[in-house]
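Below, read A as the first sequence line, B as the second, and so on, with proteins coming before strands; counting in each chain starts at 1.
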2 protein chains.
Amino acid sequence: MGYHHGDLRAALIRASFELLAESGLSRFSVAAVARRLKVSSAAPYRHFPDRAHLLSAVSATAAHDLREAMVAAVARNPDDGLAAAAGAYVRYVVGTGAGIHVIFAAELYEVADDCRRDQTRALMTTMLELSGSDVRLLEATLAVAHGYSSLVLEGFFTKDSVDDVVRRAADAARALQ
Amino acid sequence: MGYHHGDLRAALIRASFELLAESGLSRFSVAAVARRLKVSSAAPYRHFPDRAHLLSAVSATAAHDLREAMVAAVARNPDDGLAAAAGAYVRYVVGTGAGIHVIFAAELYEVADDCRRDQTRALMTTMLELSGSDVRLLEATLAVAHGYSSLVLEGFFTKDSVDDVVRRAADAARALQ
DNA sequence: GTCTATACTACGATAGAC
DNA sequence: GTCTATCGTAGTATAGAC
């Protein structure tokens with residue numbers, strides 16, 4: 001194949017995101033990621049011991065980026081933080097396909113990965129702070145945001161722009177308070 | 001194998017539900033359903049031309065049963081219909097694993113199946129009526145119900161009883177109105 | 001660090017016997 | 001209507017060459 005990367009590890013994570021955005025978690029595979037990068041199907045195993053650990057690295061990155069997106073959205077809307085965060089969640093997940101079903105995927109439960117643990121904890125902590133430490137409000141807001149994201153990814157809102165859906169999700173989140 | 005069924009077709013649909021409830025759509029396969037019923041992996045293909053058509057029959061059954069569950073819940077709570085329906089959605093989906101991600105699965109889009117089409121249309125019509133033909137309210141309520149269901153199936157509420165989660169989902173749905 | 005090649009598993013689907 | 005047997009495909013993962 002004769003293709004060399006400066007940093008295949010990082011490229012694998014990037015390509016994983018592309019695959020998730022295009023086809024979702026159900027179609028994610030190490031082989032498909034390798035194909036996308038035009039490396040052999042064995043190459044990824046030099047950087048990740050197995051499929052679950054690659055997915056774990058994706059989860060950690062998604063948790064980090066999602067948290068950043070939410071924090072930025074709150075900073076832009078200080079009076080409407082939680083709703084803005086819900087909107088940011090929808091925008092991020094619709095764009096990347098990497099929502100809580102990836103970040104907290106059941107197949108990752110027994111994968112020990114300190115980086116992922118740190119990023120997911122930081123994400124949860126931030127979300128809890130945004131909810132004023134109201135766990136019930138947090139879960140309801142997360143349900144709305146995840147629900148809207150899923151409806152988009154499932155193909156329910158084919159003619160609606162992402163901006164519209166983000167707005168409606170934020171409206172729904174606001175109504176919960 | 002030497003095992004004979006009176007009605008393998010119906011048994012396949014039932015076993016598919018068991019599989020969905022235990023392992024979710026991602027682990028669903030014709031082979032696994034056949035194993036569960038102790039018939040050969042070829043037997044299902046006498047009753048369904050392919051995997052998608054079996055899943056389509058499951059989708060039709062789920063749409064029918066879910067609609068019935070929602071209608072019954074509304075009848076028990078005439079003053080609080082939409083929230084009760086949202087609670088019934090969560091209860092049904094948590095129990096069966098067959099929510100909108102199964103009923104409206106993308107892999108079924110090009111499967112022609114009049115039965116499924118009728119059942120999914122009836123389900124959507126009923127839900128729209130419950131929302132007073134307010135499409136925005138319907139989508140928000142569905143997002144909440146689907147969101148809570150997903151959080152349960154994803155393992156977020158491990159120590160909470162289903163009844164509790166159903167109540168909280170109904171509370172959240174009520175807040176949207 | 002990447003390749004080629006391969007073993008193993010699982011699934012979808014079909015052919016032909018009974 | 002179900003079986004056994006089989007083919008094709010795809011994915012996970014490993015061994016060994018370079």
Side-chain angles (χ1 to χ4, degrees), chain A residues 1-59 97 102 105-113, chain B residues 1-20 22-59 97 102 105-113 116:
Chain A
M1 290 187 145
Y3 189 87
H4 287 253
H5 271 281
D7 189 351
L8 181 55
R9 190 193 147 91
L12 287 165
I13 295 173
R14 257 185 287 114
S16 295
F17 271 97
E18 294 172 18
L19 201 59
L20 283 175
E22 287 168 20
S23 323
L25 183 57
S26 61
R27 293 257 253 272
F28 172 84
S29 76
V30 179
V33 174
R35 267 196 304 276
R36 176 172 293 263
L37 290 175
K38 298 184 170 146
V39 297
S40 79
S41 65
Y45 292 94
R46 284 286 137 185
H47 301 274
F48 299 97
D50 54 32
R51 171 200 146 102
H53 281 80
L54 170 54
L55 209 51
S56 180
V58 171
S59 162
V102 172
E107 50 192 309
L108 298 179
Y109 278 22
E110 49 193 12
V111 176
D113 177 345
Chain B
M1 290 190 146
Y3 189 86
H4 287 252
H5 271 280
D7 189 352
L8 181 56
R9 191 194 146 92
L12 287 165
I13 295 173
R14 259 185 286 114
S16 295
F17 270 98
E18 293 171 19
L19 201 59
L20 284 176
E22 288 168 21
S23 321
L25 182 59
S26 60
R27 293 259 253 272
F28 172 85
S29 76
V30 179
V33 174
R35 269 196 304 275
R36 175 172 291 265
L37 291 174
K38 297 183 171 147
V39 297
S40 79
S41 65
Y45 292 94
R46 283 288 136 184
H47 301 275
F48 299 96
D50 55 32
R51 171 201 146 101
H53 280 80
L54 169 54
L55 209 51
S56 180
V58 171
S59 162
V102 172
E107 48 194 310
L108 298 179
Y109 278 21
E110 49 194 13
V111 176
D113 177 346
R116 181 179 103 254

Residue-level proximity of residues 47-54 of chain B to DNA chain C when a heavy atom falls under 4.0 Å: B:Asp50, B:Arg51
Salt bridge (Lys or Arg N to Asp or Glu O under 4.0 Å) partners for A:Arg46, two or more places apart: none
Side chain to side chain donor-acceptor pair (under 3.5 Å) against B:His53, all qualifying residues, sequence neighbours excluded: B:Asp50
Distance, rounded to the nearest Å, where A:Glu107 contributes CD and D:dT12 contributes C1': 13 Å
Proximity to the side chain of B:Arg46 - top-ranked nucleotide from C:dG16, D:dT4, D:dT12: C:dG16
Could you list the donor-acceptor pairs under 3.5 angstrom formed by side chains in residues 105-113 of chain B, with sequence neighbours left out?
unit_1, atom_1, unit_2, atom_2, d
B:Glu107, OE1, B:Arg51, NH2, 2.9
B:Tyr109, OH, A:Glu154, O, 2.8
B:Asp113, OD1, B:Cys115, N, 3.0
B:Asp113, OD1, B:Arg116, N, 3.1
B:Asp113, OD2, B:Ser56, OG, 2.5

Distance, rounded to the nearest Å, where A:Tyr45 contributes OH and C:dT4 contributes C1': 16 Å
Inter- and intrachain pairs under side-chain hydrogen bond (donor to acceptor under 3.5 Å, both in side chains), touching residues 18-28 of chain A, at least two apart: A:Glu18-A:Arg36, A:Glu22-A:Arg36
Closest to the A:Ala43 side chain, choosing from D:dG1, C:dC3, C:dA13: C:dC3
Closest contact, heavy atoms only, B:Ala34 versus B:Ser41: CB-CA, 4.0 Å
pair A:Phe28-A:Val33: side-chain heavy atoms closer than 4.5 Å: yes
Spacing of A:Leu8 atom CG relative to C:dC3 atom C1', expressed in whole Å: 12 Å
Overall bend - the helix from C:dG1-D:dC18 to C:dC18-D:dG1, comparing terminal axes fitted on five pairs, nearest 10 degrees: 10°
With A:Ala31 via side-chain contact (heavy atoms from CB on, under 4.5 Å) - residues at least two apart: A:Ser29, A:Arg35
Between C:dC11 (P) and B:Arg27 (CZ): distance, integer Å: 10 Å
Do any side-chain atoms of residues 7-17 of chain B form donor-acceptor pairs under 3.5 angstrom with protein atoms, and if so which ones, sequence neighbours left out?
unit_1, atom_1, unit_2, atom_2, d
B:Asp7, OD1, B:Arg9, N, 3.4
B:Asp7, OD1, B:Ala10, N, 3.2
B:Ser16, OG, B:Leu12, O, 2.7

Protein-nucleotide distance (B:Leu37, atom CG; D:dG1, atom P), rounded to Å: 16 Å
Between C:dC11 (C1') and B:Leu19 (CG): distance, integer Å: 13 Å
Rounded distance (Å) that lies between atom P of C:dA13 and atom CG of B:Leu12: 14 Å
Provide a list of protein-nucleic acid N or O atom pairs under 3.5 angstrom, restricted to nucleotides 6-10 of chain D.
none

Candidates D:dT12, C:dT4, C:dG12 - which lies nearest the side chain of B:Ala31: C:dG12
